[in-house]
Protein chains: 2
Amino acid sequence: MTDAPRISRQFSQRSVMEAIVQGGPISRASIAKLTGLSKQTISEIVRDLEDGGWVRETGRTSGHVGRTAVTYELVVDAAFIVAVDLGGTKVRVAVTDLAGQIVIEDTAPTDLRGGRPLVTQIAGMALSAAEGAKVARDKLRLAVVGVPGAPDNRTGRVLLAPNIRDFDTMDVLEAFRQALGFDVVLENDVNLAALGESWQGQGQGIDNLAYVALGTGIGSGLILGGNLVRGAANAAGEMGFLPIGANPFDPESLRVGAYERAVATHGIIERYETTTGENISVPVIFERAAAGDAAAVAAIDETSRQVACGIAAICAIANPQLVILGGSIGLRPEILERARHFLPQCFPYPVDVVSGELGARAALVGATAVGLSQLHNTLFGVATPNAGLSLPPTGAESSQEAAE
Amino acid sequence: MTDAPRISRQFSQRSVMEAIVQGGPISRASIAKLTGLSKQTISEIVRDLEDGGWVRETGRTSGHVGRTAVTYELVVDAAFIVAVDLGGTKVRVAVTDLAGQIVIEDTAPTDLRGGRPLVTQIAGMALSAAEGAKVARDKLRLAVVGVPGAPDNRTGRVLLAPNIRDFDTMDVLEAFRQALGFDVVLENDVNLAALGESWQGQGQGIDNLAYVALGTGIGSGLILGGNLVRGAANAAGEMGFLPIGANPFDPESLRVGAYERAVATHGIIERYETTTGENISVPVIFERAAAGDAAAVAAIDETSRQVACGIAAICAIANPQLVILGGSIGLRPEILERARHFLPQCFPYPVDVVSGELGARAALVGATAVGLSQLHNTLFGVATPNAGLSLPPTGAESSQEAAE
DNA sequence: GATATTTAGTTCGGTGACAGAACGAACTAA
DNA sequence: TTAGTTCGTTCTGTCACCGAACTAAATATC
């Protein structure tokens, strides 16, 4: 029932599918207009898709001149995707349908043993979540796992992931595939967050953007020319080692990263400690700053200056149109305001800087985006080049079809 | 005679053409094996291409078992491309054939009036060069012009080009089109240099690389995931404003660019002047350093440290596999050596750093690459996605076809 | 209420890009 | 001379897709 339709119709089938996915309930005649294919061909392809269980009749149009049209829509529960955001402390797992809607979601503390136990934990969460939502196991087609590191899809290992034990030495990809029983894609978590904001968040319709996740560490995801940039070792955006903030030639900078020392959690705490002698957590520093503590305000000011410098560095190199701040610290309005204030003082061209609107769920949304687009590729053929992400619209559901 | 073949064969025709371009003299049977298309189809397509004048018989294979094969090769003079490298002081113009070989080249001092006079100068150089090489005017199909700024292909203007007068206010693209009488593409000169090195220079076969041009100013071109990265305003790689080297919040940095102040010509001269009180040119500083002048050596050392920091910044953000140094200062071995020495002290992961091997002609080679690939797109249909640059091989010509 | 107009969708008869089998042509090896 | 191999064509078939003609079903107009 849910077999991939035949291959030779690759392109047309894909574009028909896209029209149905994005056009909500839509008639075959409208699909023909949208895609430029003939009515006859559309009827054939839609029949194939309907036979395959991917698409179904929804009703008829009415109220306009001419014959009423039968409308079709996506069968959202024809297949499901597992989206995972694996963080150093928390694991989020979601099962989403073909419309990108989250069907069920689950969160748990990360199994700190890392390695296989962690893979088992996540696979267990995913499979039991699916069961709980009454999603048949053979409808799960693909999992996308966001990891805090640089996955190498050749070896299946995850490098630069100091927070997850053993992931740099084992074949994580294969372990997930075996534990889950279907295909798995690994991707850097910040990259996924960037894709998430680009799909359903602040970055909609923007081809060049940077997502900066600032928290315990600092990382960024770059979408340039509409494509996610990964770099040679999947380490693009690992900006902790920017030679900014601290002296980059200090051996400590070489270990932790000069920029990470300056802006991430540890840097803020240290900054407050050097002026006051008190070692307190970041949320408390923000509280005290709000209450008027001068040292706390100074620490936040200086951090924001450094954040502005980091954004300047990204802009100087990658020239995004928009920079989205995320992560536990990056999402704080105090940081956003000040970074916006300092940026024009160290970078001459205007750049939009905003907070991510998806918050901590950005990576999960991004994982869904990757999953959907990959699934469409394997099921319905490749998209025409530079068509961007062809995913369901994010807004209101099922608007009555506007004829033309 | 030189009409584009029919459109419906887009994909197959393009891949046959690629096989012929890259496979040197090649038989139809071999093309069939390479492309996976049937012998019958290949014969048809090759006949079309031969009728169009794009391809011709070269001879027959011999010496192996079985029937001899007729071999075909590209008609290199079926069309020509004009490649232009427009610098602040010099203009280079080349006419290249379909194999990417430079047929004729011309250099002249840039018309400092900029604007229309400059366009006229370049068009004149191109057209008379073509005439000199006996290239019929209707065989010129496309010009690619590298400019020191950020071309906006919508408005045809060139922004961020302080060295070329009036290019930021006039429709440069249209002016070139009218002066030349055929299609024109504008591209940033450093981007072209990056593409040049990527095609025929140090970057062959590398999907993620950065080209850093260091001279009077500093700029870089990024090729990430096999694609040239342009950014939102075509200003990706304009790294002069990196907040490194000088204090980025100094108003002077906001004007010139903190990093540009630190590493480009002016910075080196100033560095030498502050220690010795002498204001001398960069080449002289390099001479004195070679002769053992401690202040000169120190100036170069410090500059190289900053170059290493800049490379670190690029690597932290874009994660290229290779960094190629170019430009009058970047090409000096003294800088390369020292940058290689300092880089591991401020960036923990290994990155290859090399000098560009095409020297000052990198941009011209890149312009040819862009022109060829664009021309192939318009003439023979689009390439299959992620096939990379499908350009003639750079090595020895016409090796006898090795059967399989 | 009959007729014109408009739109949806099907049937039918192409066309063009391929594939694949069969076969002749042309060569080498023995 | 014969066997084996490779090249290239011819012939037949398949498949995606188009366009025109036609049917079906609605609204607009008189």
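So you know, we letter chains A, B, ... as the sequences are listed, proteins then strands, and number each from 1. Treat the numbers as computed from the prediction; the structure is a model and nothing was measured.
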Separation of atom [atom1] in [X] from atom [atom2] in [N], rounded to whole Å:
{"X": "A/F11", "N": "D/dA16", "atom1": "CZ", "atom2": "C1'", "result": "13 Å"}
{"X": "B/K39", "N": "C/dA17", "atom1": "NZ", "atom2": "C1'", "result": "18 Å"}
{"X": "A/I26", "N": "C/dA8", "atom1": "CD1", "atom2": "P", "result": "11 Å"}
{"X": "A/I42", "N": "C/dG9", "atom1": "CD1", "atom2": "P", "result": "11 Å"}
{"X": "A/I45", "N": "C/dG9", "atom1": "CD1", "atom2": "P", "result": "15 Å"}
{"X": "A/Q13", "N": "D/dC15", "atom1": "CD", "atom2": "P", "result": "15 Å"}
{"X": "A/R47", "N": "C/dT11", "atom1": "CZ", "atom2": "C1'", "result": "11 Å"}
{"X": "B/R14", "N": "C/dA17", "atom1": "CZ", "atom2": "C1'", "result": "19 Å"}

Is the side chain of [X] donor-acceptor paired with the backbone N or O of [Y] at a distance under 3.5 Å, no angle test?
{"X": "A/T68", "Y": "A/S62", "value": "no"}
{"X": "A/T35", "Y": "A/I31", "value": "yes"}
{"X": "A/K139", "Y": "A/D77", "value": "yes"}
{"X": "B/N208", "Y": "B/Q321", "value": "no"}

Next item on the list: Scan every strand shown for a Watson-Crick or G-U wobble partner of D/dT2, both distances under 3.5 Å, and answer none if you come up empty.
Entry: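 The answer is C/dA29, by the H-bond criterion.
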Checklist line | Parallel, tilted or perpendicular, as decided by the 30° and 60° cut-offs, for the rings of B/F380 and B/W54 | finding: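 Perpendicular: the ring planes of B/W54 and B/F380 meet at over 60°.
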I want to verify a distance call: between [options], whose nearest atom is closest to the [X] side chain?
{"X": "B/A29", "options": "D/dT9, C/dA26, D/dC7", "result": "D/dC7"}
{"X": "B/A69", "options": "C/dG9, D/dC7, C/dC18", "result": "D/dC7"}
{"X": "B/V70", "options": "C/dT28, D/dA16, D/dG8", "result": "D/dG8"}
{"X": "B/L37", "options": "D/dT5, C/dC18, D/dC7", "result": "C/dC18"}
{"X": "B/V65", "options": "C/dT11, C/dA29, D/dG8", "result": "C/dA29"}
{"X": "A/Q40", "options": "D/dT9, D/dC18, C/dG9", "result": "D/dC18"}

Note to self: Need to verify one output field. Residue with the more 5' nearest nucleotide on DNA chain C, A/R28 or A/G66?
What the structure shows: A/G66
Please confirm whether the shortest side-chain N or O distance from [X] to OP1 or OP2 of [N] is below 4.0 Å.
{"X": "A/S38", "N": "D/dG19", "value": "no"}
{"X": "B/S12", "N": "C/dC18", "value": "yes"}
{"X": "A/T41", "N": "D/dC18", "value": "yes"}

Margin query: Tell me if the side-chain of B/R67 makes a donor-acceptor pair with the base of D/dC7, cut-off 3.5 Å, by modelled atom types.
Written below: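 Looking at the base of D/dC7, it does pair with a donor or acceptor on the side chain of B/R67 (distance under 3.5 Å).
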Next item on the list: Taking the side chain as every heavy atom from C-beta outward, state whether B/E57 and B/E50 have any pair of such atoms under 4.5 Å apart.
Entry: yes
Notebook entry, point to check: With nearest nucleotides of DNA chain D determined for B/T68 and A/G63 from heavy-atom distances, which residue corresponds to the more 5′ nucleotide?
Noted result: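 Its nearest nucleotide being more 5', the pick is B/T68.
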